[in-house]
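Shown next, in structure tokens, is the structure this report addresses.
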Amino acid sequence: MTEPLVERMREFGETVFAEMSALAVRTGAINLGQGFPDSDGPTRMLETAVDTIRAGECQYPPGPGIPELRAAVAAQRLGRYGLEYDPATEVFVTVGATEGVAASVLALAGPGDEVIVFEPYYDSYAATIALAGAERRAVTLRPVEGRFTFDPDELRAAVTSRTRLILVNSPHNPAGTVFTRSELEEIAAVCREHDLTAVTDEVYEYLTFDGTEHIPLATLDRMRERTVTVSSAGKTFSVTGWKTGWVTAPAPYIRAVQTVKQFLTFATSAPYQRAVAYALGNEIPWVEELRASLQAKRDRLITGLESAGFTTYRPQGTYFVQADIRPLGFTGGMELARALPGKAGVVAIPTQVFYDHPEAGAHFLRFAFCKKDEVIDEAVARLSRLR
Ligand SMILES: *Cc1c(COP(=O)(O)O)cnc(C)c1O
């Protein structure tokens, strides 16, 4: 049979996540590859979803999202960041941040357009840009003094007359960087100078460490008017399976995103929307505890990885640590990731799969620490055999 998959999607056929998770199952290895927590969100929020189903709220909700969730998102953006959005016209609910980003890119970029991403990038970005028929231009984040950052000249050099969008993920998966105000100023200056739209992915907005402040790009001077902000409940409330996200932006952008979203999924699951609206209003103290617990897990995993012989980069946010494999005598991250379940009974993700320039990430493995302490401890004990 000839390959049925359309040409532009062929490079996305087999994801490394599927391969590595299958390897974990086959070998009984501990899976520190995929980034999902192994405990669930706040009890009252979970019960609200159940109660909503029992109360019969099981038919199509409004396409833009239920008014309660749009109001809760608007209140969150205003209360936390001082950003004002009209819940009726400037807040829009999506099937997770994934659909929020996809609908935004599909609405705002097309064939002949270029989209700038920072590599290593979240894997859905590349596929979404390809679905839109646009082209991606990757600006590389490299370690400088212990954290991943970009060279402003490289960002400027990536802009062409065809550039339409810059996709900005901060806190950044998988590099762990939370962009500073001065890094964001560089991005904002490029957007203003070249009349570009920024699409920001802020799903880890609450999960930052050591007091690091998350600064939404939209809060910078003259950026609210050209920024489409995406976030979701999955990471904030440890419900990655709920797929409930939202977009905030000026009304013309929301109309554009809505035009696409209505034909992707039409609407987003009703019971989760009500539960997330409740949580945004009432469960931020729970999220603060989650943040503190994740910071301790980060430190636990880093201490273990360092004593096993890796060099690590301490992330300022997210679920992930980057580990340099070269001090252990390895050079190929892909090769080591495939061998790791056999050698040490642990699964990690080779960071090079998130690059257009894989040589820049060839010696990194990404480990997730959003796991129970016992799981982290057992993984670390196993990895100490690598020496
Ligand atoms: C997990 C993740 C997402 C997906 O969020 P959903 O709400 O589950 O769609 C998007 N972007 C980044 C950077 C992520 O880590």
Side-chain angles (χ1 to χ4, degrees), residues 15-17 21 32-38 40-41 45 49 65 69 73 76 92-106 115 117-129 131 136 138 141 148 165-179 198-208 214 216-217 228-248 257 261 264-265 268-269 272-273 275-277 279-280 287 290-291 294 298 315-322 349 351 353-355 366-371:
T15 80
V16 72
F17 295 99
S21 289
L32 298 188
Q34 257 182 336
F36 58 86
D38 54 11
D40 291 331
M45 178 189 75
L69 179 54
V73 168
Q76 187 263 359
F92 188 75
V93 177
T94 56
V95 181
T98 308
E99 190 194 41
V101 171
S104 301
V105 171
L106 288 164
V115 180
V117 294
F118 292 93
E119 67 176 3
Y121 46 69
Y122 185 62
D123 63 342
S124 81
Y125 301 168
T128 293
I129 293 164
L131 277 174
R136 65 180 184 272
L141 299 176
F148 285 71
L165 301 179
I166 300 189
L167 249 167
V168 182
N169 172 214
S170 180
H172 187 278
N173 169 13
T177 295
V178 179
F179 284 142
V199 175
T200 69
D201 177 342
E202 305 184 11
V203 299
Y204 297 100
E205 61 186 299
Y206 285 93
L207 306 185
T208 65
H214 166 66
L217 187 63
V228 176
T229 302
V230 180
S231 193
S232 93
K235 308 292 162 49
T236 298
F237 299 112
S238 292
V239 282
T240 59
W242 280 20
K243 304 301 298 184
T244 303
W246 46 88
V247 178
T248 49
V257 170
K261 188 251 163 52
L264 291 175
T265 53
T268 304
S269 296
Y272 300 128
Q273 290 191 50
V276 171
L280 278 173
V287 178
L290 169 68
R291 194 205 61 71
L294 278 170
R298 174 199 66 172
Q316 301 169 290
T318 78
Y319 285 168
F320 307 106
V321 174
Q322 290 298 331
I349 298 294
T351 309
V353 301
F354 305 115
Y355 289 81
R366 188 193 81 171
F367 291 90
F369 53 81
C370 48
K371 305 292 173 186

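Atoms within each ligand, like the ligands themselves, are counted from 1 in listed order. Predicted, not measured: the structure shown is a model, and the values here were computed from it.
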Subject >> Structural part of Glu99 in contact with ligand 1, heavy atom criterion under 4.0 angstrom >> reply: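 Neither; nothing of Glu99 gets under 4.0 Å from ligand 1.
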Original post:
Taking non-hydrogen atoms only, is Ala97 closer than 4.0 angstrom to ligand 1 via side chain, backbone, both or neither?
Top reply: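 For Ala97, the contact with ligand 1 is made by both the backbone and the side chain.
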Original post:
Got the closest protein heavy atom to atom 11 (N) of ligand 1, with its distance?
Top reply: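 Here the closest protein heavy atom is Asp201 OD2, 2.6 Å.
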Original post:
Considering only protein heavy atoms, which is closest to atom 3 (C) of ligand 1, and at what distance to one decimal place?
Top reply: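 Heavy-atom neighbour on the protein nearest atom 3 (C) of ligand 1: Tyr122 OH, 3.3 Å.
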Ligand-side contact atoms (ligand 1) for residue partner [X], heavy atom cut-off under 4.0 Å:
X: Asn169; value: 13 (C)
X: Lys243; value: 6 (P), 8 (O), 9 (O)
X: Asn173; value: 13 (C), 14 (C), 15 (O)
X: Gly96; value: 6 (P), 7 (O), 9 (O)

Check whether [X] reaches the backbone of [Y] with its side chain - one donor and one acceptor, N or O, closer than 3.5 Å.
X: Asn169; Y: Asp201; value: yes
X: His172; Y: Thr318; value: no
X: Gln316; Y: Pro171; value: no
X: Ser170; Y: Phe179; value: yes

**OP:** Tell me, please: is Gly234 in heavy-atom contact with ligand 1, that is, under 4.0 Å?
**Re:**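 The answer is no: ligand 1 sits nowhere under 4.0 Å from a heavy atom of Gly234.
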Original post:
Does Tyr204 have a heavy atom less than 4.0 Å from any atom of ligand 1?
Top reply: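 Per 4.0 Å heavy-atom rule, Tyr204 contacts ligand 1.
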**OP:** Using the ring of Phe36 (Phe, Tyr or Trp, six-membered ring only), decide whether Lys371 places NZ or CZ under 6.0 Å from its centre and within 45 degrees of its axis.
**Re:**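 Pair Lys371/Phe36 counts as cation-pi.
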Original post:
Does Thr244 reach ligand 1 with a nitrogen or oxygen that is under 3.5 Å from one of the ligand's nitrogen or oxygen atoms?
Top reply: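 No; every N/O pair is 3.5 Å or more apart.
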**OP:** Answer with yes or no whether the side chains of Lys243 and Thr98 bring together a donor and an acceptor at under 3.5 Å.
**Re:**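 Lys243 and Thr98 do have a side-chain donor-acceptor pair below 3.5 Å.
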